[in-house]
Structure formats: C-alpha cells, structure tokens
Amino acid sequence: MNAFKGFVKKEFKQIYRDKRTLLVLFGMPVIMMILFGFAIRNEIQSAEVAVLDLSKDSMTAELIQKIESNPSFDITHYLQAYNEVEPLFQKGNVKAVLIFENNFEQKMVRHSSAKIQMVTDATDPNLARLLQAYTSSIVQDFSDDLNPEISIEQAGLSPEIRMMYNPELRSVNLFVPGLIAVILMLISALMTSISITREKEMGNMEILLVSPLKPYQIIIGKVLPYLVLSLVNVFTILLLAIFVFEVPFEGSFILFFAESILFILTALSLGVFISAVANNQQTAMMVSLAGLLLPTVLLSGFIFPISSMPQVLQWISHIIPAKWFLEIVRSIMLKGGGISVLWFQTAILVVITLLFMGLSMKRFNVRLQ
Amino acid sequence: MNNVVEISEVSKSYEDVKALKEISFEVEKGELFGLIGPDGAGKTTLFRILTTLLVPDSGEAKVLGMDVVENYREIRPILGYMPGRFSLYQDLSVEENIRFFASVFGTTLEENYDLVKPIYQQLEPFKNRLAGALSGGMKQKLALSCALIHKPELLILDEPTTGVDAVSRKEFWEMLHLLKHQGITILASTPYMDEADQCDRVALMQNGKILKISTPDEVAQSFSSTLYGIRSKHRFQLIQVLREYQYVKSVQPFGESVHYADHRNDPDTDDILRYLSTHGVEDAEIKKIDSNIEDTFMELMQQEESHA
Amino acid sequence: MPEVAIQTRDLTKKFGDFTAVNQISFDVRRGEIFGFLGANGAGKTTAIKMLTGLLSPTSGEGSVAGHDIHSESEAIKKKIGYMSQRFSLYDDLTVKENIRFYGGVYGLSRHILRSKYDEILEKVDLKDEIDSRVGSLPLGWKQKLAFSIALLHEPKIVFLDEPTGGVDPITRRQFWEMIYKASEDGVTVFVTTHYMDEAEYCDRVSIMVDGKIEALDSPVELKRSFSAKSIEEVFIELARGAENSDG
C-alpha cells in the first residue's frame with residue numbers, strides 16, 4: 001500500500017511541476033467557456049431588419065411595434081416599395097426584410113388570413129433560420145392574442161415552432177454540456193494516455209513492472225490525479241456557467257457530479273486503453289485526438305445536431321460516449337431530469353467503461369509486449 | 001545452490017528476427033559477470049527474459065532456482081534492474097527519485113542507506129537538483145542507487161556505461177566492485193570490449209549467440225595464432241599491402257598499430273618487413289604482442305560467419 | 001587549400017560568468033585524424049559549435065578550411081561534413097532516398113550525384129540493400145553509410161561525434177579504414193568521443209579539462225609522457241581533478 005501511495009504522490013508532483021501543462025489544463029476550460037459563451041453564440045442580438053409595410057393600417061403598426069420591442073431585432077429601415085429591397089441586401093445593411101401585404105387588416109378581418117413575407121439574407125444561413133424562427137414565434141403570439149380562430153399565414157414560416165426549455169434559444173445553455181464533455185475527454189483520456197506512454201518511452205515502465213507494484217496499481221496511480229483534475233474542471237465550468245452565463249440548472253447537483261465521474265471514468269478507461277496499445281507519446285496523442293476528441297466535438301451533438309446527420313453518422317454517434325453524456329447533462333441542467341429518465345444513457349456509459357477497462361487490463365500485461 | 005542465474009537453451013524471436021539462439025550459461029553467486037557484444041547482439045532481450053519481462057520461446061531460465069515464467073512474482077522483488085534506456089524521472093529531484101523507488105519497492109532510503117551510501121553520498125550535495133539537470137555520470141550513479149535501494153540479490157545492468165565519459169565509467173566500475181564485495185551478484189552488459197577486464201567472467205555475444213564464456217584473461221589468450229603489432233606512419237597503405245601478403249591470416253587496425261596474424265607457425269618477421277618495404281611501406285616496425293579480447297572476438301565472429 | 005585545416009588562437013566562449021571554453025589554441029593539419037576528447041561538461045560541444053559556425057566566440061581567433069569563424073560561417077558550413085551517432089540518417093527512408101536527400105541538401109548536380117551514388121554503394125557494400133529502409137540495417141552499416149553521406153559533398157573537414165559507439169569490432173574497423181582512406185585523400189577528420197580506444201586510432205589527440213586543452217600530442221607521445229599504458233589512463237589522470245566534470 002505504501003508503494004501505491006508513493007506512486008500517486010510522485011504522479012501529483014510531476015503534474016504539479018509541469019507548469020505549462022498545468023496552465024493549459026486549468027486555463028483551457030475557462031478560455032473555451034468564454035469563447036463559446038461570448039464569441040460563438042447562436043442567438044441573435046439586435047439583428048438589423050427592414051420593414052416594408054404596404055398596408056399601413058393599425059394591425060401592421062401593432063405587429064411592427066411588437067417586433068421593434070423585441071431585443072433580437074433592430075428595425076433600421078422603413079421601406080416604401082419593393083424595388084428598395086434588393087439594393088439594401090446588396091449593401092449588406094440588413095439581415096432580413098419583413099413585407100406586409102396591402103390591405104392586411106382588411107384581409108385579416110374578411111378572410112381570417114393575411115400574408116407576411118420574410119426575405120432573409122441566406123449567405124448566413126444559420127442567422128436566417130434563426131430570424132425566421134424568432135419572427136414566427138412573435139407573429140404566433142400576436143395571432144393567439146388576436147383571436148384563437150384567426151390565423152396568419154406567413155410565407156416561408158412555420159407557425160408550429162415552440163421553444164421549450166431553452167425558450168430564448170441561448171446557445172450557451174447548449175454549449176456548456178458539450179464543453180464539459182470535450183474537456184473531460186481531453187484531460188482524462190489524452191493526458192493519461194500520454195503520461196503512461198511517457199513511462200514506457202523512458203524505460204521506467206520496465207522498472208515499475210519489475211517492482212512489487214501490481215499493474216492495476218500502476219494504472220490507478222496514473223489515473224487518480226487526472227480524475228481529481230477533471231473534477232476540478234467540471235466544477236470550474238459549472239460555476240462559470242451558472243454565475244457568469246446564467247445557465248439554468250434545474251436538476252440535482254449530486255446526480256450531475258455522479259454522472260460526471262462516470263464519464264470521467266469512461267474517458268480514463270479509453271486513455272488507459274490507448275496507452276496499452278500505443279508505444280510512444282506521439283502515437284498516443286494522435287490516437288487520442290483523432291479517435292476521441294474529434295468524434296466528441298463533431299459527432300456527439302455538441303456542435304452539429306445528430307438528427308441532421310446522415311444515417312451512417314447517426315449510427316456511429318451511438319458509440320460515442322460523449323453523445324450519451326451530453327444527453328444526460330442537458331437533461332439534468334435544462335429539464336431537471338432524474339435518474340428515472342436517464343438510466344438508459346447511464347447504463348450505456350457504464351457498459352462502455354467496463355468494456356474498455358477490461359480490455360486495457362488484458363492488454364496491460366505483467367510483462368512487456 | 002551456487003548459481004544465481006541459470007540459462008539453458010533459451011531462444012527468442014521477434015517476428016522474423018531471431019534475437020536469441022539457444023543461449024546457455026550460468027552466473028555464480030557473488031560473481032561480476034559481463035555480457036559483451038555490439039548493439040543488436042541480443043543482450044537486452046536476454047536481460048528482459050531474466051527480469052521476467054519477456055517469456056522465452058523455448059528453453060529455460062532460472063533466477064535463484066526459480067523459473068522466470070512461473071515464479072515471476074517471487075523473482076521480481078529480489079532483482080535490481082537498470083534498463084538501457086532508463087533515464088529516471090527528469091522532473092523529480094535526486095532525493096525524490098531515490099525515495100520514490102524506495103517506496104515502490106516497499107522500503108525506505110534510511111533502511112538501506114548503508115548499502116547505497118558509497119554511491120549516494122556523492123550525490124547528496126545535489127539532492128535537491130532535478131535529475132534532468134544532472135550530468136551523464138551522475139545520472140548513472142543515481143540510477144544505480146535507485147536499482148539498489150531495495151537490497152536486491154541480483155543486479156542486472158543493461159549497458160550502464162554507454163554515453164558516459166571515461167572517468168565516470170571507471171568510477172562506475174569501481175562501485176560495482178564494491179557491491180560485489182558485499183555479496184551482490186552482478187550481471188552487466190556493455191558494447192565496449194575494454195570494459196571486459198572489469199568482470200570476473202565474460203560472455204561474448206554476437207547475433208543472438210554466445211561465442212565464448214570465460215575469464216577475461218582466458219578469452220584474450222585464446223586467440224589461435226601468434227599476433228604481431230606492426231606500426232607505420234602510412235597506416236592505410238600498410239593495411240592494404242598486408243592484406244595482399246601471401247601468408248596473411250588476418251589484418252586488423254588497432255589504434256596506432258595494426259594487428260597481424262600469419263598462416264605460418266613461426267614466421268620470419270624480417271620476411272614480413274622486407275615484403276612491406278618492397279611494396280612501399282618502408283618505415284614499418286614489427287613486434288610480437290599479446291592478443292586481447294577484441295582480437296579473440298573478431299576471430300570468433302569470423303569463424304561463426306564461415307560456419308553459417 | 002591551406003595545409004592547416006583548422007587553426008585557433010585563444011578561442012574563448014563565456015556564458016555569463018561561466019567560461020565554457022578558455023583560450024584554446026591548436027592547429028589541425030590537412031588530412032590529419034584529430035581526436036578531441038574531454039569529460040562531459042569540459043567544453044567540447046561548445047568548442048565544436050564555434051568551429052562549425054553555430055556559435056560565435058566571445059574572444060580569440062579561429063579559422064576553419066581557411067575561413068574566419070567570426071565572419072565566414074556560411075562559407076565554413078559548405079566545406080565541412082558532420083556525422084554523429086544521434087543525428088545521422090532518416091530511419092524511415094531507404095538507402096537510396098537518404099543518399100538522394102542529402103545530395104539535394106548539398107546541391108549536388110544530378111550527374112555528380114549519380115556517380116557519387118554508385119561510389120557509395122560500392123564503398124559501403126550496400127548494393128543489395130538500396131531499397132531497404134535504413135532503420136532495418138545493422139548499426140554498423142548505418143554508421144558507414146552515414147559517414148559516406150557526410151563525405152558526399154567532398155568537404156575539406158568532417159566532424160565525427162562518437163562515430164563507432166556500439167558497433168561490432170569488425171565493422172568498426174571497416175569504419176576506421178574508411179576514415180584512413182578519407183584522410184589519405186586529404187580530408188581532415190575531427191573526432192570527438194568518450195571511448196578512449198577510438199582515440200588510439202587518431203594521429204593526434206587533445207584532451208580538454210575545464211574548458212582548457214590540457215594535453216595535445218600523438219597517442220604514443222601522450223602515453224610516453226604520462227608513462228601510461230593507454231590513452232584512457234592519461235585521460236583519467238587529467239580529468240580526475242576537473243571542476244566541471246561529473247566527479
């Protein structure tokens with residue numbers, strides 16, 4: 001037991017001495033959080049919009065008023081005719097133009113339907129889609145207030161959109177769980193695999209194997225410091241998310257940390273597995289980055305929604321641990337989901353973890369080769 | 001039981017390379033045994049089998065009567081091992097390194113201080129220095145201290161003196177002699193023939209085979225012919241001309257002189273000098289010399305090749 | 001080509017307070033095999049870096065192949081070859097690719113490269129291995145190939161760093177014969193090594209201790225004046241008292 005303690009102590013010392021890596025380990029979550037939180041946001045803030053009101057009646061005035069008062073929109077131009085629309089887009093002055101057809105109110109009263117046309121600048125398709133969604137929800141509200149039986153048809157807009165759980169579509173709410181997954185993968189899997197292969201490369205592993213330390217003790221000793229580091233990082237991200245970015249946290253903190261530890265173990269077992277297969281730090285790093293980090297970023301639903309991926313990629317996403325972890329964390333944070341709805345995802349993570357732990361134990365021999 | 005190491009007909013292959021070909025030898029208790037051979041001779045593979053890190057394809061290897069495959073758990077604690085690439089933890093200090101290895105082997109620096117003292121004492125002034133900042137010779141001393149810290153019965157050192165300057169190497173061998181006197185059996189490898197004299201017995205290794213096992217003196221003397229040292233300012237020419245001589249058996253440059261062996265039993269040295277001067281090497285001096293380990297090694301290598 | 005290949009006068013390099021190389025002066029003749037010995041930390045590496053134009057001296061004079069080491073380091077680089085055990089060839093390229101690569105580095109014309117190429121394969125006896133990866137060759141062959149490649153651009157001086165460490169005794173002698181041959185051809189060979197038996201092959205040997213050259217002579221003379229049996233004894237005698245060595 002003393003041997004094991006000595007080993008863990010040495011690991012912590014080595015990590016602590018490597019100031020540059022340490023700075024990256026603790027600085028990275030904060031920097032990524034700030035990047036994703038402030039710079040790369042999906043929601044719209046004061047998007048420049050122009051209005052062409054061909055009707056100019058009280059109803060259109062009221063609708064325009066409603067749109068104007070929404071912080072997402074900033075009405076910068078009031079147009080008089082169609083032919084002003086095109087030049088405005090050409091200059092790039094506005095992101096969208098809202099066009100109310102003539103005799104809007106009259107049509108509304110007589111036929112219970114009137115048309116609003118929305119022209120968006122699709123060179124920025126994300127923004128265009130978001131503007132459509134926002135407008136449609138405003139118009140929907142308006143028509144609901146007006147009369148439940150009267151509907152407004154909107155050209156190119158679906159009136160069915162309802163935003164639940166994240167009604168403002170705040171991207172930071174969605175990014176936080178993904179970010180936790182990426183950072184845990186990076187620290188737990190990448191760092192452990194590099195740290196174990198380094199021992200191999202320097203020839204120290206030969207001595208450790210010959211020593212009374214059991215292979216599982218070597219593995220646990222290697223893994224333990226990174227478990228602690230990862231937990232600290234989860235904590236940092238969570239604090240930043242809640243207090244700086246005001247991300248809601250609906251569910252149980254205990255469940256959240258338990259699931260995080262489970263995911264850290266998954267990542268650690270993957271890291272150990274990589275180091276059992278790779279013989280030098282370079283290979284370990286390449287395998288970790290290409291085999292773990294990229295899928296975690298691209299295929300977990302962190303950045304690209306899984307439902308919009310080709311079928312094949314959707315299948316592949318099922319074996320990406322981060323995908324399940326993302327579902328779990330999003331559910332806990334945004335919906336307040338409990339273990340009763342998350343047992344399935346949790347079970348999958350447990351299975352993946354056990355599988356790779358078993359595999360690496362088998363590969364991580366008492367001998368070389 | 002007097003043999004600490006017993007190896008019989010051990011073979012080991014990696015894919016299509018035969019690293020060891022039916023190797024057999026014994027090391028007695030308290031012996032300082034040297035494994036001498038160039039890179040790729042199979043020294044490291046043999047050591048890894050002895051340290052239970054590799055399993056031989058065939059044959060049997062025993063340490064203190066215990067089989068390296070079956071009894072690896074019992075063998076490991078009594079071994080002190082210094083792998084060839086071993087470079088300690090560069091980011092830990094001298095003291096932290098030795099304390100780490102002590103704790104890993106279930107002991108403390110204080111408990112076995114007497115054993116490592118002669119070596120570790122020289123490092124103590126620098127005990128807070130990071131191992132990465134030590135010079136080559138000091139690193140080797142620290143590595144040896146770390147391998148010794150749990151009082152092993154058998155010390156296995158894989159090329160401990162490679163890359164270290166002559167003074168440090170000499171000191172290193174002096175320390176090994178000291179340890180030997182404390183009853184520790186030592187098995188060390190080296191690619192440098194001139195280190196053979198430091199050992200009680202040596203095994204010459206080449207291409208996975210043992211060419212000869214004996215005391216360094218015996219190995220040196222077992223060269224099969226009379227050997228002459230020939231000197232000339234024009235070494236290159238001397239070598240070329242000697243190779244063309246009708247009685248030539250072998251010509252090997254050896255630093256400032258050329259070692260020459262003749263097919264005749266008792267050749268006339270004047271005859272050789274005369275031959276040389278008629279072929280343009282006029283300043284040659286010749287004298288009978290004792291063969292050394294390298295002469296024997298090369299002769300054995302050539303015999304091995306002509307057999308193959 | 002002057003008859004003196006390397007010349008230094010009071011060559012000195014200081015790093016802050018520490019004097020790594022302290023006023024060394026020596027001449028190396030054209031075609032000489034010159035052994036440059038010293039303990040770890042004695043200043044060998046620093047001295048060689050100055051001679052090869054990688055470091056500029058703090059004070060003192062020096063010339064290599066007739067070029068001043070202060071002002072003509074680019075000209076020097078074209079006239080020297082370098083080979084060490086650590087840095088030599090690309091293991092993952094074949095013999096042929098390595099030769100072509102280095103030929104390219106030194107700007108050899110296609111025509112010259114072709115004739116050199118055959119010459120090397122002949123010399124190193126690697127005809128059957130031209131498409132083998134260098135990593136799969138025995139160490140001794142690699143070293144011989146590396147030496148031939150270091151001579152590819154016909155340098156006036158080659159610097160060899162521990163050229164035959166770990167090589168079997170027969171191949172090692174073949175290597176030294178290649179060095180003798182190069183020396184016959186007028187190439188100056190500058191060898192650094194930790195292994196004193198390598199030093200015995202040199203025409204003259206210098207031994208550096210604490211940044212100074214403490215002894216410089218032929219191996220025979222050195223042994224005679226120190227009444228020692230080997231260069232190793234001479235070296236140990238000189239280096240034992242060193243401050244900057246391992247001790």
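Below, chains carry the letters A, B, ... as their sequence lines are ordered, and counting in each starts from 1.
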What's the spacing between Glu198(C) CD and Tyr192(B) OH if we round to 0.5 Å?
-> 7.0 Å
Shortest non-hydrogen pair, Met301(B) vs Asp168(C), comes out as CE-OD1, 3.2 Å
Per-residue contact mode, Glu184(C) against chain B (heavy atom under 4.5 angstrom) | side chain
Inspect the surroundings of CG in Asp283(B) and state if more than 12 heavy atoms from other residues, nucleotides or ligands are less than 6.0 Å away.
-> yes
Kindly write out the residues that satisfy side-chain hydrogen bond (donor to acceptor under 3.5 Å, both in side chains) with Arg129(B), not counting sequence neighbours, or none if the list is empty.
-> none
In Å, rounded to the nearest 0.5 Å, how long is the span from CD1 of Ile239(B) to CH2 of Trp176(C)?
-> 11.5 Å
Below 4.5 Å, heavy atoms only, C-beta onward: do Lys170(B) and Glu233(C) meet side chain to side chain?
-> no
Non-hydrogen side-chain atoms of Arg172(C) and Glu294(B) separated by less than 4.5 Å = yes
Portion of Pro38(B) that has a non-hydrogen atom of chain C nearer than 4.5 angstrom | both
What's the verdict on side chain to side chain contact (heavy atoms under 4.5 Å, CB included) for Glu171(B) and Arg240(C), showing C-alpha distance, side-chain angles and the deciding distance?
-> CA-CA 10 Å; Glu171(B) 286 174 356; Arg240(C) 266 245 150 113; 3.5 Å; yes
Sequence neighbours left out, what passes ring-ring contact (aromatic ring centres under 6.0 Å, His included) with His279(B)? Give chain and number order.
-> Tyr275(B)
Best-contacting candidate, Arg243(B), Gln237(B), Gln302(B), Lys233(B), against chain C by heavy atom pairs under 4.5 angstrom | Arg243(B)
Reference residue Pro169(C); test side chain to side chain contact (heavy atoms under 4.5 Å, CB included); the match among Met193(B), Gln206(B), Gln252(B) | Met193(B)
Positions in residues 214-225 of chain C that reach chain B, provided some heavy atom is under 4.5 Å away = Pro219(C), Val220(C), Lys223(C)
Looking at Gly255(B), Gly37(B), Pro191(B), which has the largest count of heavy-atom pairs under 4.5 Å with chain C?
-> Gly255(B)
Answer yes or no: is there a donor N or O on one side and an acceptor on the other, between the side chain of Arg235(B) and the main chain of Glu177(C), under 3.5 Å?
-> no
Proximity breakdown for Thr161(B) and chain C, heavy-atom pairs closer than 4.5 Å | backbone
Can you check whether Pro253(B)'s main-chain N or O pairs, donor with acceptor, with Tyr201(C)'s side chain at less than 3.5 Å?
-> yes
Could you give me the CA-CA distance, side-chain angles and deciding distance for Val164(B) and His194(C), then say whether side chain to side chain contact (heavy atoms under 4.5 Å, CB included) is met?
-> CA-CA 7 Å; Val164(B) 181; His194(C) 280 320; over 6 Å; no
So CG of Asp197(C) and CG of Asp194(B): to nearest 0.5 Å the spacing works out to 4.5 Å
Listed by chain and number, what are the ring-ring contact (aromatic ring centres under 6.0 Å, His included) partners of Phe159(C), not counting sequence neighbours?
-> Phe190(C)
